[in-house]
There are 4 protein chains.
Amino acid sequence: MSPLPKKDVPSLVKDQRLIDKRRAQIVKAAVQLFNEKGYHKATTREVAKASGFSIGTLYEYIGSKEDILYLVCDSVYDEVVRKWEKLLDKELRGMERLEQVVEAYFRVVDVLQDEVLVMYQETKSLSGDALKYVLQKEMRMKEMFEVELERVREAGLITLNDRQVSLAAHQILVLGQMWTFRRWALQKEFTIDEYVRYQLQQLFYGFSVKKPAENVES
Amino acid sequence: MSPLPKKDVPSLVKDQRLIDKRRAQIVKAAVQLFNEKGYHKATTREVAKASGFSIGTLYEYIGSKEDILYLVCDSVYDEVVRKWEKLLDKELRGMERLEQVVEAYFRVVDVLQDEVLVMYQETKSLSGDALKYVLQKEMRMKEMFEVELERVREAGLITLNDRQVSLAAHQILVLGQMWTFRRWALQKEFTIDEYVRYQLQQLFYGFSVKKPAENVES
Amino acid sequence: MSPLPKKDVPSLVKDQRLIDKRRAQIVKAAVQLFNEKGYHKATTREVAKASGFSIGTLYEYIGSKEDILYLVCDSVYDEVVRKWEKLLDKELRGMERLEQVVEAYFRVVDVLQDEVLVMYQETKSLSGDALKYVLQKEMRMKEMFEVELERVREAGLITLNDRQVSLAAHQILVLGQMWTFRRWALQKEFTIDEYVRYQLQQLFYGFSVKKPAENVES
Amino acid sequence: MSPLPKKDVPSLVKDQRLIDKRRAQIVKAAVQLFNEKGYHKATTREVAKASGFSIGTLYEYIGSKEDILYLVCDSVYDEVVRKWEKLLDKELRGMERLEQVVEAYFRVVDVLQDEVLVMYQETKSLSGDALKYVLQKEMRMKEMFEVELERVREAGLITLNDRQVSLAAHQILVLGQMWTFRRWALQKEFTIDEYVRYQLQQLFYGFSVKKPAENVES
DNA sequence: GATGAATGAGTATTCATTCAT
DNA sequence: AATGAATGAATACTCATTCAT
């Protein structure tokens, strides 16, 4: 898929190599900080310090505090997708492929917990273009699940209509995020392995209703 | 169920009737404001003004800005439960009962969208006791769903183990909240009626897998 | 001596008997409060509460917070003088009379420690007329000592010129106050009895220089 | 004598040279301001403005308003001692030495009137450690006088017991401060030269009682 | 490119005072 | 006379951002 356009984050520095390096430092520091205290309570000074340079230098690589948040959200998305694709075995087909796609996503979220949580909870603090771009990435991810669901539907393995497929794609996305934003409860009850197993079961078979009452969807 | 303990919010005013009235005004104003700009960007002066009184008066009824957020979260929970219980038809049994419980919850969330969204997104900004009390209320709601699920399980209508029941309860809760925090996408695609129908379908029957691959849970 | 004019403190209440009673309550409460936290850190609400009535009632008897301080300073002075005069034995004459006058003053200060300390430390927070009236009372007290000193000088018992007499009167006044404002140190080292004894000795005989070097005052 | 420990006043600025310079500005401005309106009525913005920089800059060099007061008290003490020591002629001995010590102290107080007055009147507004450290400096000064008094006593020039020496040291300290806190009266009546002369006379010889009545101290 | 001192608009909170009941 | 709810000016302190070195 074609990479989505990114919001332009201004920098006073010319060397693109350096910009990338410094911004990686910033994102790493910011993720940790935002996790601990939240975006609003973290100060730019703290981000600079945690990034390993001065406040002045920080502002050589960003235009505003919000840019930091944008960089975080943007790069978290990229990393999730990168790691996720790495996990996929291209050979699988059918339900197994779908299972694998979902499981891999959940496992990446587990590994990038802090990152995903921050992106998830603070995205709403973005404004204007930044928000637009990040939501586009959200939608792009959702579409990836949609594509997979359509594939199994075309193979005749599931019987969902278009709208149900779309909703299911949202659902998968949210169930991954849920592993982070409800971790205060879920991670006391379940390991990631259990979470993957039970959620797959739930997604595929629901409550395992024994004697289907009337089918809700005619 | 016994009402959960509440955090003590200090007030300089003695008349409890008046306190309740003013705090209701505050909560109403705060919900709207926090929805528009978020908890952190809303100022106490704005809350006071939107509540219809001066900043000084606001502080006669709360001890700190965080108290406002606590009042919002606490009262939203109470209102959700109150409205929800009102919708329930006590006559129903079995899967129909469960269906109704979930549907009623989704519909209440739809009606109280702004309130639920604020509670949902800003709870994390609470600290100390306030956070503890609000999370207790979250857990209490989850337990309500758990009880319903156990009931149908005991009736032999579904085949989930204890942990799956717990997870499913979390899930129902989150699917309600999801209707608010993804409304930017979902509410463009679905009406609340559709959302209810599809999510019930999904919860009960999953993807309607045609030829069950190997069952994930042995 | 003719009573000095007092600053007019406005009251909405007509009954002078009641005014006096309430103001006595206010002064008593204020002295304690100002001692604990100082005039600026004590709030009018606290004064009202400690006085035994509401903030509204407080303002029926005073016009402003500063009036409270004025009432305190004014009444402390009056009480010091009243108690002091009570202690004096009118029969004494000469140095014994002077000794007694000073000793009685020190002892009254000791009894009214909290009151004197507040008056002493917070007088400077008064403004305009209030300050003027209180300083007049200070001067009046100083003059009382001056009169006594002049009396013994006229009896030929001491050899001080007019200016020295005036300074000595200031000194006596300050030595009394010093017992309160340095109590954190003095009252660990001395009892009031000792303080009286040593200060009288010092006032009358100085350092007990053995072989008077050249006399400083020709 | 070993310098007393100082309370740590936090600064966001790293250059110690600059910190010292800016704090000197702050102290100078604060002394003037506190003299005019008192510590409580002076605002931090006023201090900043009078210091020649913005409120933000002020807070780069202090942690709280109280720190300003602490800096004032602390530096006033240091300056008094510094200036005082400069005035002392190390050659003098005996009563002349004592006379000189006291006189020099009074003269320094006269020069640093505003500073001493502020320190004197506002010290009580300090809390916790700050107060502790400032009172330690007070005690240190008192001990300096004590040492001098003991020296002349050992030379057999005066006949005071240990406790009288201690009290006399307090007294000298207070007589210096008195020149500032009663300046509204004293400085109308006396020049500093007169004040020095009369107070020395008083300290050394008391009221010049002609025919010692009974000696107070046996 | 890096630094960090300077800036000042912005914000939560307090508290003396008023006034309707 | 007494009450206490309402008011809003005032104030300490923060922090994103700039810019001279």
Side-chain angles (χ1 to χ4, degrees), chain A residues 11-15 18-19 22 40-49 52-68, chain B residues 11-15 18-19 22 40-49 52-68, chain C residues 11-15 18-19 22 40-49 52-68, chain D residues 11-15 18-19 22 40-49 52-68:
Chain A
S11 171
L12 298 175
V13 175
K14 306 278 163 74
D15 182 351
L18 191 52
I19 293 180
R22 292 278 183 258
H40 283 100
K41 286 191 184 156
T43 68
T44 51
R45 281 180 125 97
E46 286 172 317
V47 174
K49 190 172 183 188
F53 32 74
S54 72
I55 182 67
T57 302
L58 178 68
Y59 273 87
E60 299 268 309
Y61 296 95
I62 56 162
S64 72
K65 188 184 180 188
E66 209 184 300
D67 284 343
I68 301 174
Chain B
S11 171
L12 297 177
V13 172
K14 300 181 177 177
D15 182 351
L18 192 53
I19 292 179
R22 292 278 182 261
H40 284 101
K41 286 193 184 153
T43 69
T44 53
R45 293 190 113 84
E46 286 171 320
V47 174
K49 192 171 184 187
F53 30 73
S54 70
I55 182 66
T57 301
L58 177 66
Y59 274 88
E60 296 266 302
Y61 295 94
I62 56 161
S64 71
K65 188 184 180 188
E66 208 184 305
D67 283 343
I68 301 173
Chain C
S11 171
L12 299 174
V13 175
K14 306 278 165 73
D15 182 351
L18 192 52
I19 293 179
R22 293 278 183 258
H40 284 100
K41 285 192 184 155
T43 68
T44 52
R45 281 178 126 96
E46 286 172 317
V47 174
K49 193 173 182 188
F53 32 74
S54 70
I55 181 67
T57 302
L58 178 66
Y59 273 86
E60 299 267 309
Y61 296 95
I62 56 160
S64 72
K65 189 184 180 188
E66 209 184 302
D67 284 343
I68 302 173
Chain D
S11 171
L12 297 177
V13 173
K14 301 181 177 178
D15 181 351
L18 193 52
I19 292 179
R22 292 279 182 259
H40 284 101
K41 287 193 183 153
T43 69
T44 52
R45 292 190 114 85
E46 286 171 318
V47 174
K49 194 170 181 189
F53 31 73
S54 71
I55 181 68
T57 301
L58 177 65
Y59 274 89
E60 296 265 303
Y61 296 94
I62 56 160
S64 70
K65 188 185 178 187
E66 208 185 304
D67 284 343
I68 302 173

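- Among the protein residues, C/Thr44 comes within range of the nucleic acid bases, having at least one heavy atom under 4.0 Å from a base atom.
- The distance between atom CD of A/Glu60 and atom P of F/dT21, rounded to the nearest whole Å, is 16 Å.
- Applying the 4.0 Å criterion to OP1 and OP2 of E/dT17, one finds that C/Tyr59 has a side-chain N or O inside that range.
- Each of D/Phe53 and B/Glu66 was assigned the nucleotide of DNA chain E with the nearest heavy atom; the assignment lying further toward the 5' end belongs to D/Phe53.
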* Give the C-alpha distance, both sets of side-chain angles, the deciding distance and a yes or no for side chain to side chain contact (heavy atoms under 4.5 Å, CB included) between D/Glu60 and D/Phe53. => CA-CA 11 Å; D/Glu60 296 265 303; D/Phe53 31 73; over 6 Å; no
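- Taking all atoms of both residues into account, the shortest heavy-atom contact from C/Arg45 to B/Leu12 is NH2-CD1, 4.4 Å.
- Atom CG in A/Asp67 sits about 12 Å away from atom C1' in F/dT17, given to the nearest Å.
- Note on A/Ala42: only backbone sugar-phosphate atoms sit closer than 4.0 angstrom, heavy atoms only; bases stay farther off.
- When all heavy atoms of A/Thr44 and A/Leu58 are compared, the pair lying nearest together is O-CD2, 3.5 Å.
- Using a 4.0 Å cut-off, no side-chain N or O of C/Thr57 falls inside it from OP1 or OP2 of F/dA2.
- The side chain of D/Arg22 contributes an N or O atom lying less than 4.0 Å from OP1 or OP2 of E/dA6.
- Atom CD1 in B/Ile62 sits roughly 13 Å away from atom C1' in E/dT11 (whole-Å rounding).
- Across all strands, D/Leu18 comes closer than 4.0 Å only to sugar-phosphate atoms, never to a base (heavy-atom distances).
- When Watson-Crick and G-U wobble pairs are counted only if both distances are under 3.5 Å, E/dC19 pairs with F/dG4.
- B/Ile19 has its CD1 atom 13 Å from the P atom of F/dG4, to the nearest Å.
- The side chain of B/Lys65 sits closest to E/dT13 out of F/dA5, F/dA1, E/dT13.
- Take the nearest nucleotide of DNA chain F for D/Gly63 and for C/Gly56: the residue whose nucleotide is more 5' is C/Gly56.
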* Asked: Under the side chain to side chain contact (heavy atoms under 4.5 Å, CB included) criterion, do D/Leu18 and D/Tyr61 qualify, and how do the steps go?
  -> CA-CA 10 Å; D/Leu18 193 52; D/Tyr61 296 94; 3.6 Å; yes
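- Not a single donor-acceptor pair, N or O on each side, falls under 3.5 Å between the base of E/dT14 and the side chain of C/Arg45.
- Along DNA chain F, the nucleotide nearest B/Gly52 and the nucleotide nearest A/Thr43 are compared for position; the residue whose nucleotide lies closer to the 5' end is B/Gly52.
- Distance from the side chain of A/Ile55 is smallest to F/dT18 among E/dT17, F/dG8, F/dT18.
- Of all the heavy atoms in D/His40 and C/Lys41, the pair that sits closest is NE2-CE, 4.2 Å.
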